[in-house]
Number of protein chains: 2
Amino acid sequence: MKTIKISEAVVRRLPIYLRFLNELSKKNISTVSSQDLGQKLDLNPAQIRKDLAYFGEFGKKGIGYDVDYLIEKIRQILKLDKVIPVALVGAGNLGRALCNYNAYLRDNMKIVAVFDAQPSKIGESINNLKVKPMDELVEAIRSLQVRIGIITVPAVEAQQVADQFVHAGVEAILNFAPVIIRVPGDIRVHHADFTTELQSLAYYLD
Amino acid sequence: MKTIKISEAVVRRLPIYLRFLNELSKKNISTVSSQDLGQKLDLNPAQIRKDLAYFGEFGKKGIGYDVDYLIEKIRQILKLDKVIPVALVGAGNLGRALCNYNAYLRDNMKIVAVFDAQPSKIGESINNLKVKPMDELVEAIRSLQVRIGIITVPAVEAQQVADQFVHAGVEAILNFAPVIIRVPGDIRVHHADFTTELQSLAYYLD
DNA sequence: TAGATTGTTAATCGATTAACAATC
DNA sequence: TAGATTGTTAATCGATTAACAATC
């Protein structure tokens, strides 16, 4: 199956398809063509067909794609067909925002533990989770079988949090701190940094 | 000068260079080669040289780049050499996080106004800014000469906030809501959506 | 001078788009 | 059947990387 390497660009588009398909499903729209999708998502229809075709034949010639079936398939591809336990370190505003966000999503991404180094934060309740101290991180992550770690601490602390995540055995990290973190090659890291996002936006001002 | 179209990929790397150069400057490191940069940022040195060469000859053959000079130049390219007034709509946790973030950055990106539709939020103080009601948005944006708008409201409200931003005359929008917003072609929109970020990360789990 | 490193051209690599036979 | 739309191959486009003359 996964003999051909799927490019990161393709993988990044899948959640966008998924989100829009979910909207269609909610509106009881049962079928969609690559053309419809392309129009709504500002993408080339051929690209959408090609993206999906990497993973299987999900459409019907002359008809298009069955919305609910495609949702199911994309969820499978993204491994969102079962709950993925997530841990978060950094119970500041951003961490809190992510935890709450989490609540109203049918994502199967579930934040199951929140940690902070600051004593004043320990024990605080965020979205039904009590903030835990850092020295409980490794054990909690192991017992809860956390697979993804989210870092929302200041830049100077990000690397050591990453190290602890790796030590505890997470498979992937989403880093919001404005710094590049180093991890072993088998751990996937995505950087979500709005500073750089905002700065690159400035370039396009007249 | 800007006869050649600079690709988005290049523009997105500039803030990353800038951030690292700022770190070097803080450590009183005065010169850096494309090789050094490439190593630290996980990028090909040739790519870094090429990126920079789009905008001018900033380096010295045999020596490398003067850190402070390059910082100055990249800031100019990104238009960060003068303050850019920014407005934010949505005074939730995420909005608050961005405002505070803002505070400890030497960015020249300055959030100068915060708005929210909820009456309970109006008048709240966030990082020395009072949250204003939506009906003051257009006037405030005009009088403060806001150039970039940030959207941190729920998905269903994002489009109408975008419309108001456009009406008020912002030149670019950074949208954190998990929905694609439509704006006239001369307005630049960047989407910063951690849902899709997190979901694409799941793909790489074993 | 010798060694290092840039700026830039040419080569490679990969991603996007067009086109169309297959077929619902 | 006729019209529509997929899956896929081929063509195009663009971005990355290698290589090297210029030169500090």
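In what follows, chains carry the letters A, B, and so on, assigned in the order in which the sequence lines appear, proteins first and then strands, with residues in each chain numbered from 1. The figures here come from the full heavy-atom set of this structure, side chains too, leaving out hydrogens, waters and symmetry mates.
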[X] [atom1] to [N] [atom2]: how many Å, rounded?
| X | N | atom1 | atom2 | value |
| --- | --- | --- | --- | --- |
| B:N44 | D:dA15 | CG | P | 15 Å |
| A:I6 | C:dA15 | CD1 | C1' | 13 Å |
| A:Q47 | D:dC13 | CD | P | 16 Å |

B:K79 NZ/CZ over A:Y203 ring centroid, <6.0 Å and within 45° of normal: yes
Pair A:Y101 + B:F194: ring centers closer than 6.0 Å: yes
Side-chain ion pair, B:K132 and B:E139, N-O less than 4.0 Å: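 Looking at B:E139 together with B:K132, the answer is no, because their closest N to O distance does not fall below 4.0 Å.
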B:R12 side-chain N/O to D:dA15 phosphate OP1/OP2 under 4.0 Å: no
A:V146 side chain near A:V112 side chain, heavy-atom distance below 4.5 Å: yes
Test side chain to side chain contact (heavy atoms under 4.5 Å, CB included) applied to A:L78 and A:L18, step by step: CA-CA 10 Å; A:L78 291 174; A:L18 181 59; 4.2 Å; yes
Between the protein and nucleotides 5-10 of chain C, are there any N/O to N/O pairs under 3.5 Å, and if so, what are the atom names and distances?
{"unit_1": "C:dT5", "atom_1": "O4'", "unit_2": "B:G62", "atom_2": "N", "d": "3.2"}
{"unit_1": "C:dT5", "atom_1": "O2", "unit_2": "B:G62", "atom_2": "N", "d": "3.0"}
{"unit_1": "C:dT6", "atom_1": "OP1", "unit_2": "B:S34", "atom_2": "N", "d": "2.6"}
{"unit_1": "C:dT6", "atom_1": "OP2", "unit_2": "B:S34", "atom_2": "OG", "d": "2.6"}
{"unit_1": "C:dG7", "atom_1": "OP1", "unit_2": "B:F58", "atom_2": "N", "d": "3.0"}
{"unit_1": "C:dG7", "atom_1": "OP1", "unit_2": "B:G59", "atom_2": "N", "d": "2.8"}
{"unit_1": "C:dG7", "atom_1": "OP2", "unit_2": "B:Y65", "atom_2": "OH", "d": "2.6"}
{"unit_1": "C:dG7", "atom_1": "N7", "unit_2": "B:R49", "atom_2": "NE", "d": "2.9"}
{"unit_1": "C:dG7", "atom_1": "O6", "unit_2": "B:R49", "atom_2": "NE", "d": "3.4"}
{"unit_1": "C:dG7", "atom_1": "O6", "unit_2": "B:R49", "atom_2": "NH2", "d": "2.8"}

Check: A:Q47/A:D51 side-chain N/O donor and acceptor closer than 3.5 Å: no
Residue matched to C:dG14 through Watson-Crick or wobble contacts both under 3.5 angstrom: D:dC13
Nucleotide opposite D:dA22 in a Watson-Crick or G-U pair, distances under 3.5 Å: C:dT5
